[in-house]
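What follows is a set of notes on a single structure, which appears directly below.
Convention: sequence-line order gives letters A, B, ...; per-chain numbering from 1.
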Amino acid sequence: MNNYQKWVAFSTIVNKEIRRYLRIWAQTLLPPAITMTLYFVIFGALIGSRIGTMGGFTYMQFVVPGLIMMAVVTNSYANVVSSFFGAKFQHSIEELLVSPVPNYIILMGFVIGGVTRGMLVGLIVTLLSLFFSELNIHSLFVTVSIVIMTSILFALAGFINAVYANNFDDISIIPTFVLTPLIYLGGVFYSMDLLPDFWAGVSKINPMVYVVNAFRYGVLGVSDVDVRWSFTMILFFTIIAYTYSMHLLNTGKRLRQ
Amino acid sequence: MTAALSISQLSKVYDDGFEALKGIDLKVEEGDFFALLGPNGAGKSTTIGIIFSLINKSGGKVHIFDRDIDEDFARAKMDIGIVPQEFNFMAFEKVFDIVSTQAGYYGLPRKLACERAEKYLTRLGLWDKRNVQARALSGGMKRRLMIARALVHEPKLLILDEPTAGVDIEMRRSMWDFLRDINESGTTIILTTHYLEEAEQLCRNIAIIDQGKIVEDTSMRDLLRQLTREVFVLDTTEDLPEDLQLVGFEVERKDDHCMEVVIDKGQHINDVFTQLSDAGIQITSMRNRANRLEELFVNLMAQKSSTAETSLSYAAGSAEATS
């Protein structure tokens, strides 16, 4: 395939992915909007008003960046894992595997599909947050770039989960038992300063810590972790996830016999 | 002439140790209409799966229009269209989207993809269903959808794995006409099927695979020449006698107005008519008991299994003798 044909193939996959999640918007776009509104009401407005300040900001201001990133992460991940596993389950992934589309284009197509959903949900949640809190962007570059990098990382993670999944249970186990705890323990609702030294150290292997803190820096200008270190760690995790995803596609593990 | 498909020493051993292909050689010329037949589990789907990259081969070489798939599989794939045995499209997608999306995977710009989708959906009688979700189509329509999808990038080689399974006879015959047209316009077609009448009607050359080995690879005409006997069913106006006999022929009376007669190579069916006419029996219709290729295929498979049994019993005997 020449470069133009590759571009056509890539945009075809991305369009198909976007068409898919827009077609089922009541399952993909509406639930995070409702869930995050509840988080804003309960943790921000009701409980948050009793907590006082955190990191020099009201609790509502403190949790909003984390909740936005929570929506971005879960939706980027969920889009790729459900779409790719669905294609595997119905064997429609064979349409792509028998075609001349290079593996990296297949991977990029699904990942960018996940990124667009993550960012769209992130935008919806951000707009909803404006009803509860002021949002002043400290650094637009950090804010936007961290959202893009994060959604790429978790879309790749969703892809790996989908390749290994044998049934629908397998695509909900990782989000429930791994992703959600990582998010909750990643500093969405609290500052790392509140943790004992040991648990603060353990938290450093959690990619969500870097994601949440880098985004919080972009919005509020404060972070528990050096923002450059956050970028480095997210890039490091992304490279690992990309390399492993390509290894799965190139060897055909769980995709070809 | 260029070979559309050339396979040499192709082998496949699955992870569980099952040897599905034992070094097969096969050549399909450009423009051919080729049948690949074999009993269930013989290795047909494995062979096809390797050609369209869903199964990794263990050894051997595959060339598609002289391109080695190990060296440039992507370019080779541009020339192949595949219609798999199982439905493998997203059931919730619309018919038009399934075909036009597949065109996109082959790098066709959107405008051309839409034109091609319209062309093939129309030719296969699915244009009226273009906005229907695929899950709502009948079995025959789903098969035609997969053919439209396989043709949308206009491949030079079309491989169909059981394309008419579960399709009614009227639809099957219209699909045969369509496939003949495609073949006459220059597309090489490889077909696997369990309907041997289909292979006999459509294909010029044939290979039979059994237990991972090619046991026949010849023209349809030469294969049918191997048929040494045919069984005909004759319907008569008059009652057939209980002790029906025809000199020189093996005959079986099925009921008062129906009989079967075996015609061996070198015998003439005219002699049967003459003897029946002399006995005052008129024939109203005549047909083959089974499709000719089917008879040959069954005989061939029976021979192979008896050879295998002989080898096994010989091997068992040898083992007993040495122990």
Candidate polar pairs, chain A side and chain B side, donor-acceptor under 3.5 Å:
residue	atom	partner	partner atom	Å
A:Arg19	NH2	B:Glu93	OE1	3.1
A:Arg19	NH2	B:Thr101	OG1	3.4
A:Arg23	NH1	B:Glu93	OE2	3.2
A:Gln90	OE1	B:Ala91	N	2.9
A:Glu94	OE1	B:Asn88	ND2	3.0
A:Glu95	O	B:Gln102	NE2	3.3
A:Glu95	OE2	B:Arg149	NH1	2.7
A:Leu97	O	B:Ser53	OG	3.1
A:Leu97	O	B:Lys77	NZ	2.9
A:Ser99	O	B:Lys77	NZ	3.2
A:Arg256	NH1	B:Ser53	O	2.5
A:Arg256	NH1	B:Ser53	OG	3.0
A:Gln257	N	B:Leu54	O	3.0
A:Gln257	O	B:Asn56	N	2.8

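The parts of B:Ala91 that come within reach of chain A are both its backbone and its side chain, each placing non-hydrogen atoms under 4.5 angstrom from that chain. For B:Ile50, no part lies under 4.5 angstrom from a heavy atom of chain A. Using a 4.5 Å cut-off between heavy atoms, B:Ile82 touches chain A through its side chain atoms alone.
With respect to chain A, the highest number of heavy-atom pairs below 4.5 Å among B:Ala74, B:Ala76, B:Gly104, B:Ala150 belongs to B:Gly104.
Residue A:Leu38 qualifies as enclosed at atom CG: its count of foreign heavy atoms under 6.0 Å is above 12. Annotation for A:Phe89: atom CZ does not count as buried by contact number, only 12 or fewer foreign heavy atoms lying within 6.0 Å.
Within residues 153-178 of chain A, no residue has any heavy atom under 4.5 Å from a heavy atom of chain B.
With sequence neighbours excluded, the residues forming a side-chain contact (heavy atoms from CB on, under 4.5 Å) with A:Val64 are A:Phe40, A:Met60, A:Ile68, A:Ser129, A:Ser133, A:Leu135, listed by chain and number. By the side-chain contact (heavy atoms from CB on, under 4.5 Å) test, A:Val147 pairs with A:Met69, A:Val72, A:Met119, A:Phe215, sequence neighbours left out.
By the 4.5 Å heavy-atom criterion applied to side chains, A:Val98 and B:Leu54 are counted as neighbours.
Annotation for B:Met78 and A:Pro100: closest pair SD-CG, 3.2 Å, computed over non-hydrogen atoms.
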